[in-house]
Amino acid sequence: MKKSVIYWLLLPGFVFLAAFMIIPIVLTIGSTFFQENSFTFEGYMHFFRDPYFLKILLTTLQVSVVTTLVCVVLGFPTAYYISQKAPRRKGILLALAIFPLLTSPVVRSFSWMIILGRKGLINNALVGLGIVDKPLDILYTPAAMMIGLTHLFLPLMIISLVGVLENIDNDLLKAAQSLGASRITAFRRVVFPLAVPGLVIGAVLVFVGSLTAYTTPALLGGKQRVIATFLYQNAMTLNDWYLASVVAAIMIVITFVVVGVMNKMAKTLNPKG
Amino acid sequence: MREKHIGLGLFSLLVFIFLLGPLLIISVTSFEPGTVLKFPPEGFSLRWYENIFNTGGFLRTFQTSIIISLLGNLLALLLGVPAAYALSRYDFKGKSVLNALFLSPVLIPGIVLGFTLMKYLIVIYHLPMYLGLLIGHTIIMLPFIIRVIASSLSSFDFAVEEAALSLGAGRVRTFFQIVLPNIRSGILAAVLIAFLESFNNVDISVFMTGPGVSTLPIQMLTYVENYFDPTIAAISVLLMVLTGLLMFVIERIMGGFSYFTKR
Amino acid sequence: GCGSSTDDATGESGSGGKAANKLVISTWGFSEDFFNEEVFGPFEKEHNVDIVLEVGNNAERLNKIRQGTSNVDVIYLSDYYAQQGIDEGLFEKIDRSKIPNVNDIYDIAKAPLGEDYGPAYTVGQLGIAYNPDLVSKEVTSWSDLWDPAFEGNLTIPNITATAGPMVVDAASRVAGNDTFNEDAAFAELKKLSGNVVKFYSQTSEYVNMFSQEEIAGGPIMEMYFKDLKAAVPNAKFVTPSEGAYAVMNTINVVKGSKNKELAEEFINWQLSQDVQAKSAKAKVDSPVNTKVELTAEEAEGVTYGADVVEKLNKLDMEFVNQQAKAWTDRWNREIAQ
Amino acid sequence: MALLTLDRVSVAYDNQTILKDFQLELEKGKLLSLLGPSGCGKTTTLRLIAGFLEATQGKFMFGGKDYTKVPVNKRNFGFVFQSYALFPHLSVYDNVAFGLRMRKVKDKDISARVMRILEVVNLNGFEKRFPQELSGGQRQRVAIARALVIEPDLLLFDEPLSNLDANLRLNMRVEIRRIQQELGITTLYVSHDQEECFSISDQVAIMNKGVVEQLDRPETIFKYPATEFVAQFIGFHNFIEFAERSDAGDEISLKAGGRLFTATAHPGTARPGARKGAIRPDDLIVSGDTSADLANALPGIVKVSTYLGRSYQYVIETELGDFTANQEMETPYLSGQRVSLIFPQDKLVLVE
Amino acid sequence: MALLTLDRVSVAYDNQTILKDFQLELEKGKLLSLLGPSGCGKTTTLRLIAGFLEATQGKFMFGGKDYTKVPVNKRNFGFVFQSYALFPHLSVYDNVAFGLRMRKVKDKDISARVMRILEVVNLNGFEKRFPQELSGGQRQRVAIARALVIEPDLLLFDEPLSNLDANLRLNMRVEIRRIQQELGITTLYVSHDQEECFSISDQVAIMNKGVVEQLDRPETIFKYPATEFVAQFIGFHNFIEFAERSDAGDEISLKAGGRLFTATAHPGTARPGARKGAIRPDDLIVSGDTSADLANALPGIVKVSTYLGRSYQYVIETELGDFTANQEMETPYLSGQRVSLIFPQDKLVLVE
Ligand SMILES: Nc1ncnc2c1ncn2[C@@H]1O[C@H](COP(=O)(O)OP(=O)(O)OP(=O)(O)O)[C@@H](O)[C@H]1O
Ligand SMILES: Nc1ncnc2c1ncn2[C@@H]1O[C@H](COP(=O)(O)OP(=O)(O)OP(=O)(O)O)[C@@H](O)[C@H]1O
Ligand SMILES: [Mg+2]
Ligand SMILES: [Mg+2]
């Protein structure tokens, strides 16, 4: 196999992305460092000196991280369960898992209102059972936001994980068990590390999705602001694309850092992944 | 050993209830006869389903969405599959950089990507709107195609590929007849994720639509800015039914979801 | 037909094409059927022209005009966004002599953003809707929103929504200022924040919350009241004693339009008694044409009558636009926490 | 009482029954080999015992307890997989250490034990490699080390040495046997290599189509196969269907094609009805002496002659069919040569 | 001239050199076996020839043409993989038919040829199965059928029979040899089974650490290993370091520990400097007769005695070290018994 062939395989995709995305984005982000033709960090300093902005940034990161973790915790066992099913069942379950992606955010938020609202199913049940005497405020809190985001992104996590899990040789799990690992330990020590490549993809999708999501936090999140709110306000209402690009650049850097850290962690779990 | 699965099964059941419960509510409310979403509904009516077909925009934009998603998917496969293959099969200089590059469209906030694409593709490169929309959607599909396929290739036994080569099949042929069928599940998953990602996309489409060119999500968004009736719920239900049918067809025609089986 | 033609709509940017018999109209896309049948259709027939639609919300459509990515001739925008377009020089100056129907409309609608630019083709009002079953008090004034009766029960529009700045103005009035006082307004809003469950960005959110009784009420445009009533038959809409706010949608000709005269013709058509009456009766838009007569039943949910319309408070959109950034920032920091 | 008992166990994949009313007993500290043709169910039996498969019926007893439902990880059985099943994400060291870590052995002791066992399997210096970077044989040795290091209650081997070269195989099997005996680990061993099975086993079970055809001490099986299948399987490639049989004391007289043969009546061969004679190619003597009256002899013509390293192999055509014989000699017989086949009386056995 | 020539080829994984200045020649129609310990580079050599690996230096000539850069699929070589490498998505039939389809053979002919070859490997009735539904041995037979059916210019086998049971292995190797000779297919064969190699090869190359130590006809290697490594590898497990050597005509006189030995000077053993004697366990005679003056004899004590099926294996302690001897007998010697070890003069060879 000639080395040059490798590059020919990569070239079309590379040229396409470079021409239509990389160059435009680099130019757009690059322009945030120039105001009136001189190089400046002004746009960025403005944000990082502002404790208010930093607090929102932190809140957003928290929400994204928690959502990602929740998706891992919910998605991993489910994906594993799906991957162990006979082919036919597997297909049906995967199909069911992706249905949430097909619903409009607005109707979805309406259904969450039905479930989480003060007169919603959960509160009715809680009050009815006498567990609480006043309906809980769940809707329009950060928790609701995370529930909505989890509902939105969990399918991506599940699909990514099923993709790797179904290719893990069952004998490995058996080998681990025969060496004394309980099902859980075998899972943790063997299946989990081997699933890391899929986990990383899933986690990146969920994290980035949560970080940049606008509609779901806006609809379910009550008064809580997230960083995407600023981006949208600046871009769409205030027509300030300079600031929008600054916020975007900050978000991009954060994602790259987080993805980098995740890859690092993945490497220690599965050096051969 | 069966019993051990029960805990896992129960857990998965709860997750599925979490995922599908809201959809059930949506489905139920879509039959509401009144003009406002209600739960529980006050009766049964199909009027909002009729409304989908009577409101010209939905069918037209649905068609556009499907075409764009399919064409974009095809384009992304053409660009992405060779790249995914190269990235997972070979070690070479600059691999990690390229890996990051191909993932990057996911890492950029959608609205910024959308705006930038509009500025460059339409304003500077003077591409027709429809083409711009197609390119934009291809860009956002590419990382899904590449990453998902690459990760399923990473567990592929390449000795099998060598066996085919030694039996006289050319590289291209080997790829299509031997490698591809064995990563079907990966390809299908990739195509599915990419399709949904594109089909649901708002951020890019918002900027790449124009007079006469619009996508279903944009149309739906426009609709809910002005109406509160259960039409959107009805559309969601129809989309789910359609997906269900599609799955069923895949199941029947292509011999089932053996596509998702190991090896 | 109009709007439904996807053909050649793609290749239009930059090139003139068959501009002579095509009119591109940018609008929100609601009541598309009504517009196609009663507004666009007859106009197409009469002037032998194809109308192509671009739909979307104000911000998106204005953005595209800014970038010049679509060859729009006529654009419907709310006054807030129209003002932005004017400030950025995106619109043609109109020749009012070509739009004789402008003389038949309410004064407030004739030139809301200056003589050179388009008229408002509809004027609605922003008042308060509430659910009497949940609010013990009878609501008559903006200040009632601050009442404990609305505690944890209230929604108000987000600052970025069209009605956002109106609530800021109302707050200033509630604080007792005759002229707008920003600090007082925000101080007052901060107090209101305790009552607020949620700031809404889309009316659909309001309607959903209202129907699920997550909220008891809040400021909303009268045009949407019929939807609230459908969900909560007891719902009430009031014009606050300090005055409701005028919500105006304008219609303008986009700079560079090759069909300026046809566009003005269209604006004239949109203001005509015929169209205005039909859209009022279909409860699509509140009329501005003074010749339109409605029965009481027809007028329900429609902002109708010179007495009502002329009393509406009207914001200075140029001022609002200048302040938008600062207000948004303050709102985010002080109110929305 | 036996440590391990499989009591009329059946196993099926989908609807295909692989094991049917399978019986097996194994005593503590003993090594039993399963030997049988490809696809006969050896691996299936091992997997059943390990707990990877569930029986559709029957019972598996171990140490007096019903193990049928005991989960895999509570069985403390070591398993060496035919396909290695090494953990791809762990180094050789970590692969071997895995079982010890599960047993919460101290890091220091782990290190010592892992290094010792790696020495045993001849893999020192490979600790840091990953499975993908090893040759087939090296991988298998890691798998063996991984199972041995935990000193399990029962060791299960699925063709552990099949990818090793002859020398290593020899060393490894001696080593496995040594460890097995030293620690008294009860062991079940599957292999295709008969010599391997015979040399290290206390007992050998010959399987055919999911059934044990014969279970005995290696010497007994080797000398006195009970059935034609077993005989064929362990190298009695020559068979004669005798028409008549009459037993007289130590000697059995037999008749085929008008010729008379005698066989010694060992305890094992005294199978009443059996009239099928079997003999190994190694035990058949090919003689150039074609004179008529040799005892237990049959005239024939050399059809094929092959060099086997140590000896030559002949296929010889006779009136009773073709026979295969191996013989050590300097200058071989040539194809077409007339020879006599001699059936030593004590090497001819009767099978069912 | 040789059909296949590897001319000072080197191969490296990452930075580790596996083959260094490797030389090999193979004539048309011949079968050459590569034999060597695990990890010595046998598979690597095959992969190089198949075209899966690129040499870092050196040349590979085939049929007079430089094949170094010819792509795999243009080589028309059959390859049987150690790990089977069956196409998981194709049925047994389609797996075997694949190569024929690539050659645009007519469907009817394909069917005939596939069915014939499946019969050869004893897999009729399995056409519709998928690889996952076969046992290890069955899979390997499919792999063999798949490579054979295309009648390639060169056949490459990587331990094709290692997962088969003894009988099938025997049949298959005879079958492989038959087909190979009938079709005159030049073949390179890797196996751990020495008997297998010796029985089917025209030539055997013994490899060690990426180098061919000896390339010869099987008989020659079997009887006259050239080096200690080869001797050890092919079963000369007993070595004596002689202090003195003197050649006289047919006989070589040797001295070790004060004792005199003689060895026959076969052409192969006449290696001038060599003073290391080697003998197989099978060739050493263990005698109960401990009288002093036996020729070529050494007194010793039985340390270990193991049953091997056919024979007993003894480890015997002597003043010149431990020796291993195999002997067929009814009642074995016991541990501790005093015996004599006799080194037959014509079985003792000298190696470097
Ligand atoms: N997953 C499976 N599905 C269906 N049939 C199977 C499966 N696994 C094995 N079999 C069948 O069960 C039978 C016994 O298989 P098993 O693996 O126990 O054989 P084995 O004796 O170990 O053979 P080998 O020596 O070739 O490894 C075979 O005929 C095989 O085809
Ligand atoms: N992909 C690889 N990366 C690094 N080293 C490798 C790789 N493949 C093989 N090796 C090393 O190369 C050497 C030769 O391997 P090869 O597979 O040729 O051995 P082999 O003679 O076929 O052994 P076996 O009989 O065990 O199959 C071994 O030491 C092995 O560890
Ligand atoms: Mg097996
Ligand atoms: Mg090898």
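Every value quoted in this text rests on a predicted model; they were computed, and no experiment measured them.
In this structure, the separation between NZ on C:Lys198 and CG on A:Leu219 is 6.0 Å, given to the nearest 0.5 Å. Atom CG in C:Asn332 sits 11.5 Å away from atom CZ in A:Phe53 (nearest 0.5 Å). A distance of 10.5 Å separates CZ in A:Arg118 from CE in C:Met209, rounded to the nearest 0.5 Å. The structure places OH of A:Tyr232 at 12.5 Å from OG of C:Ser201, a figure rounded to the nearest 0.5 Å.
Heavy atoms closer than 4.5 Å to chain A are found in the side chain of C:Gln202, but not in its backbone. Residue C:Asn208 touches chain A through both its backbone and its side chain, counting heavy-atom pairs closer than 4.5 Å. A:Leu116 does not touch chain C: none of its heavy atoms, backbone or side chain, sits under 4.5 Å away. For C:Ser193, the parts lying near chain A are the backbone and the side chain together; criterion is any non-hydrogen pair under 4.5 Å. Heavy atoms closer than 4.5 Å to chain A are found nowhere in C:Asn57, neither backbone nor side chain. Heavy-atom distances place both the backbone and the side chain of C:Thr160 under 4.5 Å from chain A. Neither the backbone nor the side chain of C:Tyr200 has a heavy atom closer than 4.5 Å to any heavy atom of chain A. Contacts between A:Asn234 and chain C at a heavy-atom distance below 4.5 Å involve the side chain alone, from C-beta outward.
A donor-acceptor pair under 3.5 Å links the side-chain atoms of C:Gln84 to the main chain of A:Thr237, judged by distance alone.
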CA sep, side-chain torsions, deciding dist, call: A:Gln233, C:Trp331, side-chain contact (heavy atoms from CB on, under 4.5 Å): CA-CA 12 Å; A:Gln233 282 180 349; C:Trp331 180 283; 5.9 Å; no

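Contact tally against chain A (heavy-atom pairs below 4.5 Å) for C:Asn158, C:Asn58, C:Leu62: the top residue is C:Asn158. Counting heavy-atom pairs closer than 4.5 Å to chain A, the top residue among C:Glu60, C:Glu88, C:Arg66 is C:Arg66. Put simply, of C:Lys325, C:Glu214, C:Glu213, the one with the most heavy-atom pairs under 4.5 Å next to chain A is C:Glu214.
Residues A:Leu139 and C:Gln212 fail the side-chain proximity criterion, which asks for heavy atoms closer than 4.5 Å. Looking only at side-chain heavy atoms (C-beta outward), C:Asn63 and A:Trp241 come within less than 4.5 Å of each other.
Within a 6.0 Å sphere centred on CZ of A:Phe14, heavy atoms belonging to other residues, nucleotides or ligands number 12 at most. Environment of CG in C:Asn234: crowded, with over 12 heavy atoms of neighbouring residues, nucleotides or ligands closer than 6.0 Å. Taking a 6.0 Å sphere around CD of C:Glu151, one finds it holds 12 or fewer heavy atoms contributed by other residues, nucleotides or ligands.
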